[in-house]
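Inspection log for the structure reproduced underneath, given as structure tokens.
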Amino acid sequence: MLTDVWSIGLLSCSAVTLFLALAGVRTGYRIFRYWNTESSSELQIRLEEEVYLSAALVEFGFVIQLLSVLMLVLAADYFSTILVGAMCAAGALSANPFGIPALLVKLVTLFLSAAWIVCHKLDISSEYYPLVKRKYLLLFCILPLLFLDATLLLLYLYNLEPDIITSCCGVLFSDQVGDGYNLFNVLPTSGLLALYAAVSLVSASVTLQLMSRRGSSAAVPLTGSCAIGLWIIFYFFSLLVITVHTSPYIYAMPHHRCPFDLLKAPYLAIGYPLYFLLHGAVIAGISCAVAALTENQRGLALPAARLRFRAGCLSLICMLFFLLMIVYHPLIYLLRGGEG
């Protein structure tokens, strides 16, 4: 599969991102050794020019990394058409041991890349570059994940054999009971939804607290860190609820649980807005927390406050519409027998 156009595109994106990140790491090494904002030496001036260019290239690479998550899902959906037994991206990703881990690593790098881009935007908004060392330290942490991402992706594509029988989503996400399938036996549905509602409420409340900056300044780092953790928990709970609870109602088939078929016709008008709203809410929520954590840095009081408020509003709006979509289709199914 390495010669397939989707494979070439994915590997090219991974190679470009990795190359630009390595270039950024080289600059980061020089930053940690020689950076001194109080100096007006020729070396410091060259470093400031190099930082601006290097960070812009790293930002471009991370944007490519963000887009490559969607590209991997679309590529897996295409591969499902040529793999025996696969009906959608779920079957293609499970065709060998490297597909699902590759997707998970990409999701982790997605959120870390988004956090890095926020740090970079805040950093260049101040003439003092107060976050320059922090953003390059974060880049050092992301780099091993980019290597892991490229390795898993290469292994997945290399070991993808069209003649190997793989499982479909009906097998991967179903819970067979007796002679048929039970919509609610994967997890206790009432408990899952109650826990999900609690996580959503707490995530929204903490984000509102960050937007209003209620509480002492000493409590902000703890609140911001909690907000990041809560949004990540909200994200994975959302994927679970979509798979176990919501998707069968959208398909109007109680035995059909699959988060990937939502990105195929005739569900495109549902799946893409649903996932864009989810990722928009989580990325904006994390951005709000990052802005709150960096607001006390030199020259960032006003830019970080603006970003904190705007990102917080965006996260709550996206969450609201996402939750409405989560609730709408089960409600329609129950009231009209699945007909919207």
>> How long is the straight-line distance from CG of L331 back to OH of Y249, given to the nearest 0.5 Å?
In response: 10.5 Å
Please tell me if the side chains of [X] and [Y] come closer than 4.5 Å, counting only heavy atoms from C-beta onward.
X    : Y    : answer
T246 : L262 : no
C119 : V290 : yes
S7   : T3   : no
E59  : W116 : yes
S203 : V199 : yes
C13  : Q65  : no
L107 : Y235 : yes
I326 : F322 : yes

> Between R306 and E295, is the closest basic N to carboxylate O distance under 4.0 Å?
Replying inline: no
> Is any NZ, NE, NH1 or NH2 atom of the basic residue among E42 and R46 found under 4.0 Å from an Asp or Glu carboxylate oxygen of the other?
Replying inline: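 Yes, E42 and R46 are salt-bridged.
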> Going through the distances and angles, do S315 and W231 end up as a side-chain hydrogen bond (donor to acceptor under 3.5 Å, both in side chains)?
Replying inline: CA-CA 10 Å; S315 68; W231 278 109; 5.1 Å; no
> Does atom OH of Y251 have more than 12 heavy-atom neighbours, drawn from other residues, nucleotides or ligands, at distances under 6.0 Å?
Replying inline: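 Correct, the count exceeds 12.
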> Just wondering, are more than 12 heavy atoms of other shown residues or ligands nearer than 6.0 Å to OH in Y34?
Replying inline: no
> Looking only at heavy atoms, which two atoms of A55 and K135 are closest? And how far apart?
Replying inline: CB-NZ, 3.8 Å
>> Would you say the rings of Y136 and Y29 are close, in the sense that their centroids are separated by under 6.0 Å?
In response: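 Distance test on ring centres: not under 6.0 Å, no.
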> Can you check whether W35 and Y129 have ring centres sitting under 6.0 Å from each other?
Replying inline: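 Yes: the rings meet the under 6.0 Å criterion.
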> Is it true that a side-chain atom of S39 and a backbone atom of N36 form a donor plus acceptor pair closer than 3.5 Å?
Replying inline: no
> Quick one: which of N159, L2, D149 gives a side chain to side chain contact (heavy atoms under 4.5 Å, CB included) with L154?
Replying inline: L2
